[in-house]
Every structure is written in C-alpha cells, then in structure tokens.
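Only heavy atoms go into these numbers, but all of them, side chains included; no hydrogens, no water, no symmetry mates. So that the names make sense, note that chain A is the first sequence line, chain B the second, and so on, each numbered from 1.
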Amino acid sequence: MPLYQTNPIKIYNSITGKKEIFKPINEGHIGMYVCGPTVYSNVHLGNVRTFMSFDMVFRYLKHLGYKVRYVRNITDAGHLENDEDAGEDKVAKKARLEQIEPMEVVQRYTVDFHNILNTFNFLPPSIEPTATGHIIEQIELINKIIENGFAYEVNGSVYFDVHKFNEAHEYGKLSKRKLEDLIHNTRALDGQSDKKNPQDFALWKKAEPQHIMRWPSPWSDGFPGWHLECTAMSTKYLGEQFDIHGGGMDLKFPHHECEIAQNEAAKGISPVNYWMHANMLELNGSRMSKSTGNTVNPSELLSGENKFFSKAFTPGVIRFFNAQSSYRSVLDLTNDGLLASEKGFYRLMDGMSLLNSIKASDNSTIDIATWRQNCYDAMNDDFNSPILIANLFEAVKYINQIKEGKASITKDDLELFKSTMHAFVLDVLGLENTAESNSGSDKLAGAVDVLIKLRQEARANKDFALSDKIRDELAAVGIQLKDGKEGTTFTTN
RNA sequence: GGCGUCAUGGCCGAGUGGCUAGGCAGAGGUCUGCAAAACCUUCUACAGCGGUUCGAAUCCGCUUGACGCCUCCA
C-alpha cells in the first residue's frame, strides 16, 4: 500500500487562502507545474529558494508513492521588459549588449542554472520545456483565444481583452484584485500603445526590425507574450486541468493571474486546483536588488567571495537553512542565521553517522512508531519542514541517548528508525552527509583510528602532552575527536 | 494611493482559543586527566491599544511598523 493512502496532506491553496486536503485529479498521480527561470543572467538566489522549496515538495510527494510529473520550464524568449509591452525581449537585449547570439546567452545561463541546481542536490524535473520549443503551441493557443472573442489584433500584435474577459469571468481572483481597482490605479499612458485598455496584455508581439528573436505567425513576424508559454506548456504536458501550480510570490500578479485568464479564455476552465506560492528571500532584512547592491548570487554564497558573509557555506547548510523556515514565510538570509544553521546541520549529520553504529537491545524505551508518525504529520501539514526538523533533532537526541546506554531500542525499531531517518533527511530534505561522502574515507578512517589508538596509549601512560598534541593537531586539520563511553569517534566537518 | 501578506524570547524560526516547538547563543550540572562532544536541568515570548470569551500570543477592530505586487529587479 502506498504511503499516500495513510498520509493525507494539506496544502495551503493561494487562491482560497486556506489549507485544503489535497486530492489529485487522478488517484496516485500528480501533475505539478512550476514557473522556471528566465535564462538571460545568472540564476537569482531568491529563485533558487523557490525552486528548492518545490524540490522538497516534489521529493515528499514522490516519497509518499505518488507518481509525479513535475514540469518546470525554461523561459528563453518572449519575456518582455515591462507590462506595457513596449520593452524589448530580455534575451535579445542582453545579446546585443554582449554582441553574441541570443541562443548563446540562453545556453550559457541554462548551463549555469543546471550547475547551481546540481550543486544544491536538486532532483531534475520530469520535463523541462523551453518557450522557444513551443512557439507553435502558443500560436494555436492565441488562435483559440481570438476565436472565443477574448483577444484582438492590432498592427500585427495580439492582445488579451481583459475587460471583455471580466464580463464572463473573474479577472483577479487569484491575487484578490478587482478590475475596477486596477483601472483606477493604472498610470496614464503615453498614447503609444495599441492596446484598447491598459490592463490588456500581449499574447503576440510584432517584432521591430532590429529584434533578433522572431518567429512567423498569422499576425506578424514576432514573439509570444510573456504569460503565454506557461499556459501552452502546462496544457501540453499536464492537461487542461492539473493539480499543483507553483512559483514565487512575485509571480502571483500579473503572471499567474494571466495564466488563469488565458486558460479560461481558451478552454473555459480554470487550469489549476492548488496554487502554491513560495515567499521571498531577503538579505539582511531587505529585498535583494542589483541596483542597491544588496544582493549575492548563489556561487558567491558558496565560495564565500562576497561582502555579506564571514565564510563560505556548503550547499547542504544552505538547504538546511531553507528547510528550517516554512516555504510560505519570508526568509531573511543573514550571517548569524547561516552560522546557527551550520552548527545545527552538522549536529544532525553527526547523528546520522552515529545511527549506523548503534546496537539493538531486547526492548525499546523509545516510541519510534509515534516519532515516525510525527515526522509524517509535520510534512503532511503543508510541507512543514521546520516541524519535521524539530522531530529530526528529537531523533538525534534518541541516537545519542542510545549510544550512551541511557536508552535502548529493539532490532525492528532500529530498522524502522534508520529507514525513516534516511527517508526524511536524505530523500525528502535532500541533505547529503558530507562527512561520509569524502572520497577515500575508508583510508582516512583507518589512519585516524591509528592516531586514536596512539592517543589512548598516551593517556593510559598519563602522557597528556602527547595525547593533547594528537587531539589538537587533528583538530587543526579539521578532524574532531569525540570521546564517548564506548571509545573515541571522529568527525571531519 | 490600491490590493495582499506578516509582526513571536539575545538571534533564527514553528505553532495556535486552555497542554514543551526546534536550532543557535547564555547559565548550572553529569561525564573527562583537562577539554571537546554528548546527556540532564534552566533563563528570556508572542508589536501597541481596545473588544469577544470562563480563558487569547492564537478570534475581531483600530494603531504602528515591515514586506510583496500594482512599475525593470525572482
């Protein structure tokens, strides 16, 4: 029996503002779409946080036994500079600045994106479609919306008629906006727009002569509007209606709102059952921004080459830091916060290592089944990873107590304990035990054991100068000795 | 200005109408040749002001502040 049958999960649905019992359209199967990056520059750290949160969601759903098709797109065209659609394609702009081909920019930053995500131990999505690979689908979608009377063509560009749409549907239902408020709050136009109303958005944009990325269409040589690709690709790979759509909070409006509108205008149905929005990442209490310099990119954080942090942090520490807060909360990236997480992370990992060496007894003083269910309950409640981690630290306490002989565990419970820890720490949270994955660790362990024995002999002979020297010099190269009841162990953090 | 989200102890961060979050840091203890590690114990709390309630940090209202979107920035 798959785990999901005994583990109903609740998901906070952004469109209703409530936690709801999750029920997939097809039992045992889940379709999940997450808006991916625009590959015109190095991936933004905040973007990494969003994808990290959904990576955890993906991992947990898979762990529960769901067959998940996870689609995360690459936006490699059509992302306009601003909502008035007067800007140029971001990719084309960058290409001209750097004097290279647009697809070269796309390639470079796609590779960078994948490298960063691999470093952070992400699972690859099931499908990673590109906007440029789905121009035909996007044109078909525009045709349908025009046919249904919710779009109009002007001078080779096609716009979505928001006012018309709002007569039969509800534009703004995701972001809780009313069209009349939007009208009231729109800035005055400069009169250059082809749009009937400022709230309308482009489905197809005619390319200016100097615009490099362009495709033929029934209306003009041009490029698709920036909300269209997600609708086209989610429909193609997940169907007209699917289970989960995720993305950063900042995409809620207008991007996701427009996705709903496009889908309803084309097919008459709302595309998504559960909307999930990951909250923002801040740096030292305020928004990351290139213009103010309050920003750090993923590779700078990992290398330590930045002005905000006192040292480099490993991918595991950063993943752990992220998992210690809810995906729905604003997370503030600070030096103190990372240092605290680093210590906690290594404590958890030391516990994982120790778990392999503890011995079973005839009885259990710990209720492993209840503890295990607490872990599931945490994740079942809208993927509450902070509560899960609190339970994992309970587990670390158990491990240490067993190790010290202050608690005991039966063989069966120990097996369950090990497999559960493995499942949550490694599979669900995606953390890697760096201490154990060192290459040549067997030889290292052998060498350190020799030193441990020498130190024990020195201590037996009361030669504390020598024993302390061994301990201190090992510490100096990053090997910490830990004296326990049953001998000395070491860690290589 | 509009819409939305949020405000928790030294720091980070869960949760929630009455019952321990957790991590980091601090204090005391056990262990140790001394430490470290580990274990045990322990101190700081729910922005402010009203209201609902037997009871609110948790619900409602107002105030103040922060953040997001509305405008390029994930």
Side-chain angles (χ1 to χ4, degrees), chain A residues 14 17 35-38 41 43-51 79-84 87 90 93 172 174-178 180-187 199 247-255 257 277-282 285-292 294-295 320-321 323-326 328-345 347-348 350-351 354 374 378 381 384-394 396-397 399-401 403-407 458-460 462-464 467-468 471-472 475 480-485 488-491:
Chain A
S14 301
C35 293
T38 302
S41 65
V43 62
H44 193 284
L45 193 60
N47 224 165
V48 172
R49 186 213 176 182
T50 298
F51 299 143
H79 220 129
L80 297 175
E81 285 286 344
N82 63 54
D83 202 37
E84 285 169 38
K90 276 181 182 171
K93 182 179 184 185
L174 175 65
S175 54
K176 312 285 189 287
R177 278 157 219 256
K178 290 189 167 60
E180 53 200 85
D181 293 335
L182 291 172
I183 295 166
H184 189 254
N185 289 309
T186 303
R187 289 189 307 176
Q199 294 75 36
M249 196 80 98
D250 51 337
L251 295 180
K252 207 174 189 179
F253 188 89
H255 183 60
E257 199 69 70
H277 288 97
N279 218 136
M280 301 291 105
L281 180 70
E282 294 182 349
S286 59
R287 176 172 174 69
M288 288 198 198
S289 160
K290 281 173 195 164
S291 54
T292 62
N294 189 238
T295 187
F320 182 75
F321 176 75
Q324 273 186 304
S325 80
S326 159
R328 286 201 285 131
S329 299
V330 173
L331 178 59
D332 190 16
L333 194 64
T334 61
N335 196 54
D336 288 349
L338 281 171
L339 287 173
S341 285
E342 184 175 53
K343 290 204 176 181
F345 173 73
R347 202 159 92 81
L348 177 62
D350 287 351
L354 227 48
N374 289 342
D381 183 13
N384 196 326
S385 52
I387 294 290
L388 171 64
I389 288 175
N391 281 295
L392 296 179
F393 278 110
E394 278 298 300
V396 171
K397 195 193 269 188
I399 292 167
N400 285 315
Q401 285 173 345
K403 188 80 182 171
E404 295 208 345
K406 289 179 176 169
R459 291 174 70 195
K462 304 252 193 270
D463 185 356
F464 298 123
S467 70
D468 289 355
R471 178 218 286 160
D472 297 343
Q480 189 192 20
L481 299 185
K482 297 180 177 180
D483 296 330
K485 279 257 190 304
T488 301
T489 57
F490 72 96
T491 55

Practice problem: Classify the side chain of A/Ser467 versus the base of B/rG33 as yes if they form a donor-acceptor pair under 3.5 Å and no if they do not. | Solution: yes
Self-check item: Among B/rA21, B/rG68, B/rC39, the nucleotide that comes nearest once only the side chain of A/Lys406 is considered
Solution: B/rC39
Quiz item: Looking for any heavy atom pair under 4.0 Å, which part of the strands does A/Gln401 touch: base, sugar-phosphate only, or nothing?
Solution: sugar-phosphate
Quiz item: Want to settle it: does A/Ala340 or A/Lys397 sit nearer the 5' end of RNA chain B, counting the closest nucleotide to each?
Solution: A/Ala340
Quiz item: Donor-acceptor pair under 3.5 Å: do we get one between A/Asn384's side chain and the base of B/rG15?
Solution: no
Quiz prompt | Side chain of A/Phe464 (C-beta onward), nearest among B/rG33, B/rA74, B/rC67 | solution = B/rG33
Practice problem: Side chain of A/His44 only, please: which of B/rA38, B/rC73, B/rC69 is the nearest? | Solution: B/rC73
Quiz item: Between the main-chain N or O of A/Asn294 and the side-chain N or O of A/Arg287, is there a donor-acceptor pair closer than 3.5 Å?
Solution: no
Quiz item: If we take the P atom in both B/rA45 and B/rC19, what is their distance in whole Å?
Solution: 16 Å
Exercise. Evaluate whether the aromatic ring of A/Phe393 and the six-membered ring of the B/rG22 base sit under 5.5 Å apart, centre to centre, with an inclination under 30°.
Key: no
Exercise. Please work out which of the three classes, parallel, tilted or perpendicular, describes the rings of A/Phe320 and A/Phe393, given edges at 30° and 60°.
Key: perpendicular
Quiz item: Taking atom P in both B/rG33 and B/rG26, what distance in whole Å separates the two?
Solution: 25 Å
Self-check item: Rounded distance in Å between the C1' positions of B/rG15 and B/rU30
Solution: 33 Å
Quiz item: Which value, rounded to the nearest 0.5 Å, describes the distance between A/Gln480 atom CD and A/Phe490 atom CZ?
Solution: 11.5 Å
Self-check item: Gap between atoms CG and P, on A/Leu251 and B/rA74 respectively (whole Å)
Solution: 10 Å
Quiz item: Is a side-chain N or O of A/Glu257 found less than 3.5 angstrom from the main chain of A/Gly172, in a donor-acceptor match?
Solution: yes
Self-check item: Closest to the A/Ser329 side chain, choosing from B/rC69, B/rA38, B/rA14
Solution: B/rA14
Practice problem: Verify, without hydrogens or angle tests, whether A/Asp381 (side chain) and A/Asn384 (backbone) share a donor-acceptor contact under 3.5 angstrom. | Solution: no
Quiz item: Rounding to a whole Å, what distance do you find between A/Ile389:CD1 and B/rG15:P?
Solution: 13 Å
Quiz item: Donor-acceptor pair, A/Gln401 side chain versus A/Lys406 backbone, under 3.5 Å?
Solution: no
Quiz item: When you compare B/rC11 with B/rC46, how far apart are their C1' atoms, in angstrom units rounded to a whole number?
Solution: 16 Å
Self-check item: Criterion salt bridge (charged side-chain N to carboxylate O under 4.0 Å, His left out) on A/Asp483 and A/Arg471, from CA distance to verdict
Solution: CA-CA 11 Å; A/Asp483 296 330; A/Arg471 178 218 286 160; 5.5 Å; no
Quiz item: Can you list the stems that RNA chain B is part of, where a stem is at least 3 pairs in a row, each Watson-Crick or G-U, with both distances below 3.5 Å?
Solution: B:1-7 with B:64-70, B:10-12 with B:22-24, B:26-30 with B:38-42, B:47-51 with B:59-63
Self-check item: Length of the line joining A/Leu348:CG and B/rA38:C1', which is rounded to integer Å
Solution: 15 Å
Quiz item: Looking across every strand, which nucleic acid part, if any, lies under 4.0 Å from A/Asp483 by heavy atom: base, sugar-phosphate, or nothing?
Solution: base
Practice problem: Would you indicate what A/Leu45 reaches in the nucleic acid, counting non-hydrogen atoms under 4.0 angstrom: base, sugar-phosphate, or nothing? | Solution: nothing
Quiz item: Which whole-number value in Å describes the distance from A/Ile183 CD1 to B/rC70 P?
Solution: 18 Å
Self-check item: Whole-Å P distance, B/rG55 and B/rU71
Solution: 48 Å
Quiz item: Is A/Glu394 touching bases, backbone alone, or none of the nucleic acid, heavy atoms closer than 4.0 Å?
Solution: nothing
Exercise. List the atom of A/Leu388, the atom of A/Ala378, and the distance in Å for their closest heavy-atom pair.
Key: N-CB, 3.5 Å
Quiz prompt | Atom C1', compared across B/rG50 and B/rC72: separation rounded to whole Å | solution = 43 Å
Quiz item: Looking only at atom C1', what distance separates B/rU58 and B/rG17, rounded to whole Å?
Solution: 6 Å
Quiz prompt | B/rU44 and B/rC62, which share atom name P, separated by this distance in whole Å | solution = 34 Å
Quiz item: Should A/Lys178 and A/Glu180 be marked as a salt bridge (charged side-chain N to carboxylate O under 4.0 Å, His left out) after you check the CA-CA gap, both sets of side-chain angles, and the distance that decides it?
Solution: CA-CA 5 Å; A/Lys178 290 189 167 60; A/Glu180 53 200 85; over 6 Å; no
Practice problem: Nearest 0.5 Å please: distance from the NZ atom of A/Lys176 over to the CZ atom of A/Phe253. | Solution: 13.0 Å
Exercise. Give the nucleotide from the list B/rC34, B/rG13, B/rA36 with an atom nearest to the side chain of A/Asp468.
Key: B/rC34
Quiz item: B/rC67 C1' sits how many Å from A/Leu333 CG, rounded?
Solution: 16 Å
Quiz item: Taking atom P of B/rC34 as reference, at what distance in whole Å does atom CG of A/Asp463 sit?
Solution: 17 Å
Exercise. Could you check how far CD of A/Glu180 sits from P of B/rG2, rounded to whole Å?
Key: 14 Å
Practice problem: Indicate, yes or no, whether a donor-acceptor pair under 3.5 Å links the base of B/rC34 to the side chain of A/Arg471. | Solution: yes
Practice problem: Test for a donor-acceptor pair under 3.5 Å between the base of B/rA38 and the side chain of A/Asp350, counting only N and O atoms. | Solution: no
Quiz item: What nucleotide, of B/rA74, B/rC34, B/rA25, holds the atom closest to the side chain of A/Lys343?
Solution: B/rA25
Quiz item: Taking the side chain from A/Gln324 and the backbone from A/Ser341, do they hold a donor-acceptor pair closer than 3.5 Å?
Solution: no
Tabulated below should be each protein N or O lying under 3.5 Å from an N or O of nucleotides 3-7 of chain B; please produce it.
from, atom 1, to, atom 2, distance (Å)
B/rC3, O2', A/Lys176, O, 2.8

Quiz item: Have A/Arg328 and A/Ser326 got a donor and an acceptor in their side chains that come within less than 3.5 Å?
Solution: no
Quiz item: With sugar-phosphate meaning primed atoms plus P, OP1 and OP2, does A/Gly344 contact a base, only sugar-phosphate, or nothing at under 4.0 Å between heavy atoms?
Solution: sugar-phosphate
Quiz item: Quick one: on RNA chain B, does A/Phe321 or A/Arg459 contact a more 5' nucleotide (nearest heavy atom)?
Solution: A/Phe321
Exercise. Look up atom CG in A/Asn374 and atom CD1 in A/Ile387, then write down how far apart they are to the nearest 0.5 Å.
Key: 10.0 Å
Quiz item: What integer distance in Å separates A/Ile387:CD1 from B/rC12:P?
Solution: 18 Å
Self-check item: Side chain of A/Pro386 (C-beta onward), nearest among B/rG13, B/rA36, B/rA25
Solution: B/rG13
